[in-house]
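One structure below.
In what follows, every heavy atom counts, from backbone to side chain, and hydrogens, waters and symmetry copies are set aside. Letters A, B, ... mirror the listed sequences (proteins, then strands); counts begin at 1.
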Amino acid sequence: MDYKKLSELLFPNIEKTTEYYEALYPERNLPEGAKVTRLGPSPTGFIHLGNLYGAFVDERLAHQSEGVFFLRIEDTDDKRLVEGAEEIIINSLRFFGINFDEGVTSKGDIGAYGDYTQSHRGEIYQCFAKKLVEEGKAYPCFLTEEEINNIRNNQEEIKANPGIYGKWATSRNLTMEEIEEKLSKKLPYVVRLKSDGDLSKSDENIRRIKVKDAIRGVLDMPENDQDTVILKATGIPTYHFAHVVDDHLMRTTHVVRGAEWLPSLPIHVELFEKLGWQPPVYCHTAQLMKLDEEGNKRKLSKRKDPELSLDYYRNEGYHPKAVREYLLTILNSNFEEWRIANPDLDIEEFEFTTEKMSNSGALFDLNKLNDISKDVLLKISKEELYDFLKNWADEFRSEDENMVEILKDRAYLEKILDIGRKEAKPRKDHIYAKQMVENISYFFDSMFKIEDEMPKEAEADVKVILEKYLESYDHTDDQSQWFDKIRVIAEELGYAAKPKDFKKNPDMYKGHVGHVSTVIRIGLMGRQQSPDVWEIQQILGEAKVRERLSNFLK
RNA sequence: GGCUCUAUGGUCAAGUGGUUAAGACUCCGCCCUCUCACGGCGGCUACCCGGGUUCGAAUCCCGGUAGAGUCACCA
């Protein structure tokens, strides 16, 4: 077989040589140890927590080592294109603090290793495919879908491994004449790798490949024997081929990807070998899991788990810092300890390492996120909190008139957001925007309503309690003066001034001062539970306090 | 089914031959307290199973089991 002739036949328009591209994209001039990483999303516009998790690893690895982190759009699947997806991806990641140094941006490519969109790189892939054909390492395959199905059925019957390999790869044996004839009939074909692998040998004779993985240590698996498609009938490369060519040419040093790629690693290794290149360092991350309906762990799926989309967290109003902090706790097992020891340091100061990464799938834990979020929001100033709420409302609650009222008076809202946060043991009321809004809604007349029942201990005295309270109310009282008055009212009406007295002798009293103040609380806030009443009254102002209580008495 | 990965409490996890098997979240109880939150104290609950190796195994070896991933002209 004249492979040179075959390659010319298949790729008549490819004139550039592989040397041309090697020279065009030389080794990067970076400091010792600098890592080059990349994110290669397919442009469906959908990213979930798992993608962010991986992106975070890429970002940390690159930026901790003075390296480069670039964005490459992997749009080799023409069936899944979504308009404007790149924009969404870039914006979502930026929101969560992930920024690229190089690659696709909304204003075109940045960097010397482009083009960074795979669909624009057809000529490059074809050039390297041509080289493989020329060296007899790849070949055209004319198998139709039907023929492939038949092969699979046969394989199933005799319990052979499925796929196109070895004797099943019938197009390997085509003569030049047969190929020329099929080509002249314009029959569609793909280009397949001609694998040297052979898995039909006895176990101990099968060649095993050993690849170092920065997270998992040495990977040891059987070599590839599949004649994997490298160029589809359309001339577009498959992921496997694009990955190998791009990451070589773009001089990627570390490939971070999900563990679902582990099984195809032998294919990539063989491709690197056939092309004569050094593979990058692989970092196969554990997948984020969730509990499905049957109670089993399952990989996060973009189709089934829309609630794990990044948009969900933005929509709920989680602060990006909280999400980052959470991700880091499941990413690096020593992060939590570090955080406890260094509560005020920036996340960037933490030394992230692949060695400390878990390689089993972590279950997403909303409780933990919420807990972390409380601490994160506590450290954010009231001014910043206001801006955060404002931006969130602009983006996700633009139709909500309540939000307009909430945001109308900046000073007022800031005071509300800061309730109880300055004490030595500060309140941690805030978790995420949506929750915050619900939490503080009673401060605003349009949302204020009586939500809770009066305590049954004081039900009969509601009217008289509120009347006495209004009568004695002095807005200039300090907190202890204010509460002393409530004690007086309680005692006058037969309630214990201290809850402990009531607990000791429940028969002597109707209830205790707590029940009395709960009545006031409901009159003022409509709820049985709230932060300190005195503090809230100071924020509401005297007029509003009197108005609400009077209205309640009507 | 083949191949691969994983296996410590409800969850996330320390742990690399000798520990009373850390810690965080959740849950429960108590304390603080006008409610809630915060905080403090305490509690429940764990080394998948079976064989080895060893004076000694969560840790090493072998064999099971379970869960997950993958086996496309998707990525």
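The phosphate of C38(B) (OP1 or OP2) has a side-chain N or O of Lys374(A) nearer than 4.0 angstrom. Contact between the side-chain N/O atoms of Lys368(A) and the OP1/OP2 oxygens of A13(B) is not found at any separation under 4.0 Å. OP1 or OP2 of A75(B) sits under 4.0 Å from a side-chain N or O of Lys232(A). At G2(B), none of the side-chain N or O atoms of Arg152(A) fall inside 4.0 Å of OP1 or OP2 (strictly under the cut-off). A close approach under 4.0 Å does not occur between any side-chain nitrogen or oxygen of Lys500(A) and OP1 or OP2 of C34(B). Side-chain nitrogen and oxygen atoms of Ser333(A) include none within less than 4.0 Å of the OP1 or OP2 phosphate oxygen of C12(B). Residue Lys428(A) has a polar side-chain atom (N or O) positioned under 4.0 Å from OP1 or OP2 of G39(B). Remark: Arg192(A) is in phosphate contact with C73(B), judged by side-chain N or O atoms under 4.0 Å from OP1 or OP2.
Comparing C74(B), C34(B), U35(B) against the side chain of Gln529(A) picks out U35(B) as the nearest. The Glu336(A) side chain lies nearest to A24(B) when the options are G39(B), C36(B), A24(B). Distances from the side chain of Phe483(A) to the nucleotides G1(B), C34(B), U4(B) place C34(B) closest.
The salt bridge (charged side-chain N to carboxylate O under 4.0 Å, His left out) pairs that include a residue from residues 448-458 of chain A are Glu451(A)-Arg527(A), where partners are two or more places apart or lie in different chains.
Listed by chain and residue number, Tyr469(A), His475(A) satisfy the ring pair (Phe, Tyr, Trp, His ring centres under 6.0 Å) test with Tyr473(A) (two or more places apart in sequence, or in another chain).
Remark: Pro531(A), Asp532(A) in residues 531-539 of chain A come within less than 4.0 Å of RNA chain B through at least one heavy atom.
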